[in-house]
Amino acid sequence: MTELIETPRPFTAAAFNQYLAEAKLMASHCLACGASHLPPRAICPKCHSDQIEWVPVSGKGTLAAFTVIYIGPTFMVEQGFGRKTPYISGIVTLEEGISISARITGLDPLKPETIQVGALLTVDFIEFVTVPVPARDGEGESKKTYLAFKAL
């Protein structure tokens, strides 16, 4: 039987998004100074080394800051969000000490006074399927996975 060897992925947004589509939260880890970064970086912003590797992260963390968004970008409006259906975006500090911005689920955006900084969160991968405009022949549905964190 032939053993499958995975080719290392580049440190790009496309590679990061591919990991998200596989329900994996991966960070870049600098072999020179030990710093980890999300979103991933091809060159360490701390020591400027290019000796980087992909590492999985726990996906567990706490809410460090948040905002409720009533008027979002087009892709969020396409998902049904708007003035009457806002969503939460926040900064999550992971167990590994890395912070990242992401959508926050499992909390009520219509009652922001009930949302607590420090709330426990876990990674959530949200899939959104877009249906093409009928006038565009040859285009099928496309699926994109978004990073989010849900309240425990």
For Pro109 and Ile88, which heavy atoms make the closest approach, and how far apart are they? CB-CG1, 3.7 Å

Transitively linked via ILVMFWY side-chain contacts under 4.5 Å: Tyr70 with Ile104? yes

Donor-acceptor pair, Thr93 side chain versus Thr62 backbone, under 3.5 Å? no

Step by step, would you call Asn17 with Lys144 a side-chain contact (heavy atoms from CB on, under 4.5 Å)? CA-CA 8 Å; Asn17 288 332; Lys144 173 136 175 137; 3.6 Å; yes

For a 4.5 angstrom cut-off between non-hydrogen side-chain atoms, does Ile69 reach Met76? no

Just so I know, are the side chains of Leu63 and Phe149 near enough to count as touching, which here means a heavy-atom distance under 4.5 Å? no

Do Glu22 and Arg9 meet the salt-bridge criterion of a basic N to acidic O distance under 4.0 Å? yes

What distance separates Arg83 CZ from Ile71 CD1, expressed to the nearest 0.5 Å? 3.5 Å

His37 versus Ile98, closest heavy-atom pair with distance: C-CG2, 4.2 Å

Do the side chains of Val123 and Val57 get nearer than 4.5 Å, heavy atoms only? no

Report yes or no: do Phe128 and Val77 belong to one cluster of Ile/Leu/Val/Met/Phe/Trp/Tyr joined by side chain heavy-atom distances under 4.5 Å? no

Consider side-chain hydrogen bond (donor to acceptor under 3.5 Å, both in side chains). Of Lys46, Glu96, Glu53, His29, which one does Ser36 pass it with? His29

Within the side chain of Ser99, is there an N or O that forms a donor-acceptor pair under 3.5 Å with the backbone of Ile91? no

Membership question, hydrophobic clusters at under 4.5 Å side-chain separation (ILVMFWY): are Tyr87 and Leu20 in the same one? no

Closest non-hydrogen atom pair between Leu38 and Met26, with its separation: CD2-O, 3.1 Å

Glu95 and Lys60 ion-paired at < 4.0 Å: no

Note: Leu25 and Gly59 closest approach over all heavy atoms is CD2-CA, 4.0 Å

Is it possible for you to say whether Phe81 and Leu107 belong to one hydrophobic cluster, with membership spreading through side-chain heavy-atom contacts below 4.5 Å? no

Between Lys84 and Leu110 the two heavy atoms that sit nearest each other are O-CD2, 4.4 Å

Minimal non-hydrogen separation, Ile52 against Cys30, with atom names: CD1-CA, 3.8 Å

Walk me through it: do Trp54 and Lys24 pass the test side-chain contact (heavy atoms from CB on, under 4.5 Å)? CA-CA 11 Å; Trp54 286 105; Lys24 296 178 184 175; over 6 Å; no

Just by distance, no angles: are the side chains of Ser89 and Thr67 close enough, under 3.5 Å, to form a donor-acceptor pair? no

Do you know which of Phe75, Phe16, Phe125 makes ring pair (Phe, Tyr, Trp, His ring centres under 6.0 Å) with Tyr146? Phe75

